Amino acid sequence: MSSCHKAYITTPIYYVNDVAHIGHAYTTIIADALARYSRMSGLETFFLTGTDEHGQKIEESAKARGKSPQEYADEISATFKNLWDDFGISYDKFIRTTDEDHMKGVQKAFKVMFDNGDIYKDVYKGHYCISCETFFPEIQLVDGEFCPECGKPTTIVEEESYFFRLSAYQDKLLAWYDAHPECILPRSKRNEVIRFVEGGLEDLSITRTSFDWGVKLPKEINDPKHVMYVWLDALMNYVTALGYGTDEANMDFWPARVHLIGKDILRFHAIYWPAFLMSLGMELPKHIAAHGWWTRDGEKMSKSKGNVINPREVADAYGLDNFRYFMLREVPFGGDGDFSQKALIDRINSDLGNDLGNLLNRLIGMSGKYFEGKVDSTNVAKYYQAELDEVEASLEKLEPLLFEMQIHRYLEELWRPLTVANKAIDKYQPWTLMKEGKEEEAMALNGLIAAILAKVAVMLYPVMPQTCPKIATALGFTIDHASWTRLFKEKQLLESFTIEKTPPLFPRIEAPLLEQAVPEDKAATPKKESKPNKVAKEEPKEEGVALIGIDQFFQTSLKVGTVVKAEEVPKSKKLLLLQVDLGEERPRQIVAGIKEWYSAEDMLGTQVCVVANLKPAKLMGHTSEGMLLAAKDEDGLCMIRPEKPKKPGTPIG
Ligand code: MSP
């Protein structure tokens, strides 16, 4: 059982079919900030992150690239780990679901649940979305076929399966939510979960026989065709990382203080996970905290939509700590946020530059000019008790905000002392005090400003771990548990010290540093493209046509495709939105300017010829991942189609 001196903090484990984007970085940075606060406040802390590597989706992604699933997982897992290492993420363990220990632990859990009667064998029939690794009841499908989460076609799966008796846990789960109002944060999300569970829970299919890339069932069950459902495998990482089922040395960190997740995976964490734990007879996590999505032009960022922003590019251009501050400050926890460079620049110039950086400069200036750099706090309370009270009142609100996962409000509250400090300089004017011979009062003002900066630096450290130690060095102290205790818990001021000059911490940014589109992290693929993903705009060639060689022609990938879904683009006279099957993992979305000549119905089910290797482009807010071949003259436009039906993906040339 976890003692209150221990804190276990987790991120989700990331799927290795995607490379990291700012959505992933957001979850990880929040967790890192919490872990750093937890350590600084003296708790023994274990911070877990890692990668989720099994399942059909990954098996297929690997196959499409001509790699074994393990090779493919190794490669992508390393890109996540490298990114977190380069970002200085302070994880204690990076788990991979392909780790031997993890797999043993999952098998043990399966056995325990099987032995206690919570797992039984039956036949499953249902609509399965490979991309989301989830079954959906018919009623939830879009147009009777497409996944309600990602819009991709589902497949009907009928197979022998082991089931977990989730239905048996409905009342126990409701009792848990009821007894722990803070188990799901933000609280509004808890109500959503309760409503869902009250609607009734069906038993959960937890094994598959249709593919191989997963954890096998325990030997004792002797059913080698089955592998475990990825979500059972993945959720167990939270306990196998502590040694469940193998070396249980770290199990005393359980239960987790907080599982940080995005809102899209709340159901798995707030329903399945506690039910599995109840079945295992283990304690339940203290908090499951679900944040919102980072969007681009209002759409969730994801690789399949081609609209991802690469966190490395943003951090390289704007500074890692600035990026961290922006992400945590800009969006209320639980809400969605649209990424914009303008908002990032405003936060850097205004909050960080004007309010914080400038205050340090003012202190360096004042103490240099009047006191040869010396700062002494002896008389602060004598002259500035009201300001100190105001500062302490704000600081006292911080921990509860953090524990409630109101990180944006934590940062907002932390800025109030900076306002107090800046206002105090304007109000008391050290230059006037000096002119009037009130040297003691001017020195006390120096002491007040230094104390405020020091307290803010300590409490901001978890969010800006590279910058705050620089502020502390300028103020002659180090950020650690001892200074946290003195400056925050015991409300003390700084000892006398001589200030060290530092170069400006937040140079002003006048214009965006990145082109609008920031490419995804290409670290996973050998070619590194340094230019952002601009949609190539070719000048139309008016006179004649340039001659090209056959090799140039073959640079264009032309393929036969079948239109599996067709709809109108709202408000557009020209565009249709098509999903075209090219024999790949999922259909391509193609926005085609053909509505004057073809209706959506005309196109559905027909075959088309597609330019398959165009850079994605955005038309009326929809990403287009290819172009249809058509011929147009004064009589109108007609599609170019194969003479006889061909398999989707058949190359043309
Ligand atoms: N593998 C599962 C998690 C298993 S945990 C036992 C998974 N992986 S994921 O890579 O798809 O997503 C990992 C996390 O990234 C999720 O918390 C998800 O919400 C988050 N994000 C992915 N895209 C996001 C945004 N665009 N914005 C914010 N976070 C999002 O789900």
Side-chain angles (χ1 to χ4, degrees), residues 9-31 48-58 61 73 76-77 79-81 83-84 94-98 102 105-106 109 129-134 149-150 189 214-215 228-241 256 258-274 276-277 285 288-311 314 327-328 330-339 405 518 520-521 524:
I9 295 166
T10 68
T11 73
I13 43 174
Y14 300 99
Y15 280 135
V16 293
N17 66 332
D18 210 344
V19 284
H21 57 65
I22 62 165
H24 304 128
Y26 181 55
T27 322
T28 307
I29 289 170
I30 299 175
L48 175 72
T49 190
T51 42
D52 189 355
E53 307 186 5
H54 287 127
Q56 191 168 4
K57 190 164 43 165
I58 291 167
S61 296
I76 309 282
S77 176
T79 67
F80 275 97
K81 190 162 182 296
L83 180 67
W84 304 148
F94 185 97
I95 192 169
R96 300 183 53 187
T97 53
T98 49
H102 167 76
V106 178
C129 174
I130 298 176
S131 183
C132 300
E133 304 276 18
T134 310
E149 299 277 335
C150 71
K189 294 266 192 287
V215 181
M228 282 186 221
Y229 173 44
V230 272
W231 271 101
L232 172 64
D233 167 4
L235 287 163
M236 286 297 162
N237 95 90
Y238 297 131
V239 290
T240 60
V258 56
H259 292 311
L260 263 160
I261 56 165
K263 63 180 181 182
D264 49 330
I265 55 175
L266 180 59
R267 184 159 39 116
F268 301 98
H269 284 80
I271 301 175
Y272 300 174
W273 180 226
F276 293 153
L277 287 166
I288 297 161
H291 62 68
W293 287 337
W294 281 90
T295 57
R296 198 113 157 242
D297 306 320
E299 281 193 62
K300 184 185 176 215
M301 216 171 277
S302 76
K303 190 182 176 191
S304 52
K305 294 205 178 102
N307 63 352
V308 294
I309 292 174
N310 175 358
V314 181
M327 294 210 100
L328 271 47
E330 186 68 11
V331 183
F333 187 89
D336 294 344
D338 218 43
F339 182 84
M405 227 43 71
V518 185
E520 64 188 68
D521 195 338

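All ligand and atom numbering here is 1-based and tracks the order in the structure. Residue indices begin at 1 and follow the sequence shown. Small disclaimer: the values here were computed from a predicted structure and weren't measured.
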### side chain to side chain donor-acceptor pair (under 3.5 Å) between His102 and Thr97, intermediate numbers included
CA-CA 6 Å; His102 167 76; Thr97 53; 5.1 Å; no
Do any nitrogen or oxygen atoms of ligand 1 lie under 3.5 Å from a protein nitrogen or oxygen, and which ones?
from	atom 1	to	atom 2	distance (Å)
ligand 1	1 (N)	Ile13	O	2.8
ligand 1	1 (N)	Asp52	OD2	2.7
ligand 1	10 (O)	Tyr15	N	3.1
ligand 1	17 (O)	Gly262	N	2.8
ligand 1	19 (O)	Asp264	OD1	2.5
ligand 1	26 (N)	Trp294	O	3.0
ligand 1	26 (N)	Met301	N	3.4
ligand 1	26 (N)	Met301	O	3.2
ligand 1	27 (N)	Trp294	N	2.8
ligand 1	29 (N)	Gly23	O	3.4

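- The side chain to side chain contact (heavy atoms under 4.5 Å, CB included) test applied to Lys81 returns Asp85, Tyr91, Phe94, not counting sequence neighbours.
- Considering every non-hydrogen atom in both Ile30 and His291, the closest pair reads CD1-CD2, 4.3 Å.
- Ring orientation note: the planes of Phe276 and Trp273 are nearly perpendicular, at an angle over 60° on the 30°/60° scale.
- The two residues Gly105 and Thr240 make their nearest non-hydrogen contact at CA-CG2, 3.7 Å.
- Scanning both residues, Ala290 and Leu266, for their nearest heavy atoms gives CB-CD1, 4.1 Å.
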